[in-house]
Amino acid sequence: MTKLSPLQIERLQYQPKLPSSLQNGVNSLELVEGSATQSVRDQEQIQKLFANTYGKPTVTFNSTSSSNSSEVKNVGVILSGGQAPGGHNVIAGLYDALKNANSQNKLYGFLGGPSGIIEGKYVEFTDEFINDYRNTGGFDIIGSGRTKLETEEQFKSSLEVCKKLNISAVVIIGGDDSNTNAALLAEWFVKNNTGIQVIGCPKTIDGDLKNEQIEISFGFDTATKTYAELIGNIQRDANSAKKYWHFIKIMGRSASHVALEAALQTQPNVTLISEEVEAKKMSLSSIIDYMSDIIARRANNGKNFGIAVIPEGLIEFIPEMGSMISNLNDIMATLESDSTFTSASSAEKFSIVESKLNAENAKVYSSLPALIKEQLLADRDPHGNVQVSKIETEKLLIEMISAKLSEMKKAGSFNGKFSAQSHFFGYEGRCAFPSNFDADYCYSLGYNAFALINFGLTGYLSSVRNLTQPADKWIAGGVPLTMMMNMEKRHGEMKPVIQKALVRLDGPVFKQLQDNREDWAMNDRYLFPGAVQYFGPSSVCDITTVTLQLERSKELASV
Ligand code: FBP
């Protein structure tokens with residue numbers, strides 16, 4: 001038998017909590033329909049593309065005293081996209097609900113992400129199989145992948161695989177792109193009278209799959225707490241040695257929710273927020289000026305050290321960079337498959353790209369260090385996004401700030417020392433043991449996904465709300481996927497996609513940073529959150545993120 005760590009042994013025993021409405025099982029539920037819905041934008045186009053699944057109402061569940069019997073159902077589940085702590089618990093919750101409804105029900109797991117359903121690679125879950133993964137981090141139970149499910153052929157192969165296994169519902173656990181896949185598949189299954197339902201589950205550490213119905217995607221809680229622990233540790237080190245500026249890039253793709261949350265938990269000296277950079281139209285050089293000014297002012301106070309938190313997606317939000325990257329994405333959509341380009345040397349690639357970009361964008365591209373130019377040409381992900389995790393923005397900033405500070409030194413406006421360390425925290429946080437919050441939330445999302453299936457719904461995202469309250473007060477239900485969609489450019493074409501929720505500059509979370517920024521820059525108000533705790537006082541083990549608390553308290557105050 002595989003040897004387990006003491007924490008693994010303890011976590012396997014943890015019994016996740018459920019909302020009270022789900023505690024009597026999925027056969028004792030009534031469905032309450034809300035009002036009909038509309039997509040967030042581009043209603044006409046989205047309705048046309050999703051003629052069969054558009055406009056459905058939101059739903060919630062109430063527990064009833066009567067118990068209905070439920071027909072035998074086979075369900076398939078897919079883990080899609082980047083890992084997020086708690087994915088295993090979504091599957092465990094789904095499995096438990098499915099077996100609770102009818103012990104003859106079967107759950108199949110498609111291997112390696114969406115490609116598993118297309119290629120018919122799967123496993124059948126059993127009690128023993130699931131029990132080894134309860135409350136553990138990672139997606140290794142069945143693996144994940146980023147294949148985009150969108151072509152007629154892919155849908156047809158998926159249908160054949162479902163028919164072979166007698167599957168009548170598929171659960172896709174993913175972020176905005178993966179749930180866009182879920183919406184497309186749901187629509188195709190209805191249009192072709194297959195009788196197969198599709199339900200999504202909101203996953204992503206990025207925290208950008210949220211709206212009024214989805215308070216947060218799972219994984220955000222654990223990942224931000226893990227990054228906050230690491231930032232806190234570095235702050236202690238910086239404050240002890242007093243000789244380094246640490247530039248810490250934090251994963252989270254486009255939106256800055258993860259960096260903002262980690263900053264609110266730790267109070268570093270500088271926190272950049274991409275959405276603010278874009279709104280204020282801050283150029284790269286103005287960001288350099290802003291940071292250099294703080295470094296120089298701290299040096300005047302004898303502090304040649306500090307912590308700067310940088311969101312992963314920053315580069316795309318700097319207006320001149322964003323425009324260049326969008327132009328580059330369109331160009332790369334054809335160049336990626338052009339063998340003259342792919343076999344060219346780096347220098348040749350740079351000049352090909354510069355000759356194809358418009359004049360303004362070519363100027364911006366050519367001004368960048370070779371390392372960054374190279375990283376900007378890395379393969380796009382299957383959804384056409386530039387892979388921001390591969391662009392070392394933190395190193396770009398260090399290089400440019402060093403140059404700026406040297407100039408300032410010559411001019412007599414900087415008298416200190418600048419020695420910098422760069423870090424990138426991303427993968428460290430994606431597979432941690434889920435926090436108690438994520439363990440409970442994920443289990444509830446999975447359990448609830450089966451409740452949605454049991455009521456015959458399709459094209460819905462599993463929704464569990466009221467998350468700052470104890471779990472028994474959480475509200476379980478579903479949101480139509482089309483409600484979150486709009487049209488955006490992908491691979492050079494307009495496509496229906498779930499709209500990403502970016503940091504709201506008029507919201508309470510950003511305001512908390514804004515109100516404290518100057519104080520945190522000059523006075524060291526570092527917080528040291530320490531490691532995620534699973535056992536001990538509830539005030540330590542069961543706290544949610546600052547983001548969720550602030551957003552929910554604003555929402556509750558406005559009710
Ligand atoms: P999802 O949107 O699929 O959840 O992925 C999130 C993420 O962790 C991003 O924060 C990051 O930019 C990206 O995945 C990295 O992708 P990869 O794992 O392919 O390197």
Side-chain angles (χ1 to χ4, degrees), residues 34 37-41 58 60 80-82 84-87 90 172-180 182-183 199-225 250-262 264 273-275 311-313 434-435 437-438 440-442 444-445 448-449 460-469 474-486 488 497-512 544-556 558-559:
T37 57
Q38 295 244 336
S39 62
V40 279
R41 269 194 355 216
T58 54
T60 50
S80 181
V90 179
I172 298 184
I173 303 170
D176 52 335
D177 286 327
S178 312
N179 277 297
T180 297
I199 298 296
C201 275
K203 169 236 71 166
T204 178
I205 63 155
D206 300 352
D208 57 3
L209 176 52
K210 64 176 168 184
N211 50 47
E212 276 166 27
Q213 309 294 326
I214 304 295
E215 291 172 7
I216 194 64
S217 53
F218 79 76
F220 178 77
D221 188 87
T222 315
T224 52
K225 285 174 180 160
I250 305 282
M251 200 174 243
R253 212 195 283 278
S254 303
S256 307
H257 300 292
V258 181
L260 178 54
E261 172 63 28
L264 294 182
I273 297 297
S274 307
E275 291 82 344
E312 185 183 59
S435 60
F437 172 84
D438 270 329
D440 298 343
Y441 181 41
C442 290
S444 301
L445 284 171
N448 181 58
Y460 275 77
L461 191 63
S462 176
S463 142
V464 174
R465 293 183 291 130
N466 209 22
L467 296 172
T468 46
Q469 295 298 307
W474 290 354
I475 300 165
V479 197
L481 286 162
T482 52
M483 187 182 174
M484 298 171 232
M485 299 186 94
N486 71 163
E488 285 175 28
V497 293
I498 291 180
Q499 192 183 48
K500 274 189 199 302
L502 299 178
V503 169
R504 291 190 54 165
L505 300 181
D506 59 352
V509 191
F510 177 70
K511 188 165 187 314
Q512 176 101 336
T544 54
T545 56
V546 181
T547 303
L548 193 55
Q549 287 168 37
L550 290 174
E551 283 177 347
R552 286 290 299 147
S553 57
K554 179 149 186 243
E555 224 173 277
L556 291 173
S558 67
V559 173

Over all heavy atoms of both residues, which pair between [X] and [Y] is shortest? Give the atoms and the distance, please.
{"X": "Asp208", "Y": "Ala255", "answer": "CB-CB, 3.9 Å"}
{"X": "Phe218", "Y": "Gly87", "answer": "CE1-N, 3.5 Å"}
{"X": "Ile205", "Y": "Pro85", "answer": "CG2-CD, 3.8 Å"}
{"X": "Ala84", "Y": "Gly219", "answer": "CB-CA, 4.1 Å"}
{"X": "Leu550", "Y": "Gln512", "answer": "CD1-CB, 4.0 Å"}
{"X": "Thr224", "Y": "Phe220", "answer": "OG1-O, 2.6 Å"}

Gap between atom [atom2] of [Y] and atom [atom1] of [X] - 0.5 Å precision:
{"X": "His257", "Y": "Lys500", "atom1": "NE2", "atom2": "NZ", "result": "9.5 Å"}
{"X": "Met483", "Y": "Ile214", "atom1": "CE", "atom2": "CD1", "result": "9.5 Å"}
{"X": "Gln213", "Y": "Thr60", "atom1": "CD", "atom2": "OG1", "result": "9.5 Å"}
{"X": "Asn179", "Y": "Tyr460", "atom1": "CG", "atom2": "OH", "result": "14.5 Å"}
{"X": "Glu212", "Y": "Thr58", "atom1": "CD", "atom2": "OG1", "result": "10.5 Å"}
{"X": "Leu481", "Y": "Asp176", "atom1": "CG", "atom2": "CG", "result": "11.5 Å"}

Treating [X] as the side-chain partner and [Y] as the backbone partner, does any N or O pair qualify as donor plus acceptor under 3.5 Å?
{"X": "Ser256", "Y": "Ser274", "value": "yes"}
{"X": "Glu312", "Y": "Arg253", "value": "yes"}
{"X": "Asn486", "Y": "Ser39", "value": "no"}
{"X": "Thr180", "Y": "Ile498", "value": "yes"}
{"X": "Glu275", "Y": "Leu502", "value": "no"}
{"X": "Glu261", "Y": "Val546", "value": "yes"}
{"X": "Thr222", "Y": "Ser435", "value": "yes"}
{"X": "Tyr441", "Y": "Gly86", "value": "no"}

Between Thr544 and Thr468, is a side-chain hydrogen bond (donor to acceptor under 3.5 Å, both in side chains) present by the stated rule, with each step listed? CA-CA 7 Å; Thr544 54; Thr468 46; over 6 Å; no
Stepwise side chain to side chain contact (heavy atoms under 4.5 Å, CB included) check, Lys203 with Val90: CA-CA 10 Å; Lys203 169 236 71 166; Val90 179; over 6 Å; no
Going through the distances and angles, do Lys210 and Glu215 end up as a side chain to side chain contact (heavy atoms under 4.5 Å, CB included)? CA-CA 6 Å; Lys210 64 176 168 184; Glu215 291 172 7; over 6 Å; no
Residue pair [X] / [Y], side-chain heavy-atom distance below 4.5 Å:
{"X": "Leu548", "Y": "Phe437", "value": "yes"}
{"X": "Asp506", "Y": "Lys511", "value": "no"}
{"X": "Cys201", "Y": "Ile172", "value": "no"}
{"X": "Leu209", "Y": "Met484", "value": "yes"}

Under a 3.5 Å cutoff, is there a donor and acceptor pairing between the side chains of Thr204 and Ser217?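 No, no side-chain donor-acceptor pair sits under 3.5 Å.
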Please identify which of these residues, Ile475, Val479, Leu445, Asn211, meets the side chain to side chain contact (heavy atoms under 4.5 Å, CB included) condition with Ser463.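 Among Ile475, Val479, Leu445, Asn211, the one meeting side chain to side chain contact (heavy atoms under 4.5 Å, CB included) with Ser463 is Val479.
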Side chain to side chain contact (heavy atoms under 4.5 Å, CB included) between Val509 and Val503: does it pass, once the steps are laid out? CA-CA 8 Å; Val509 191; Val503 169; over 6 Å; no
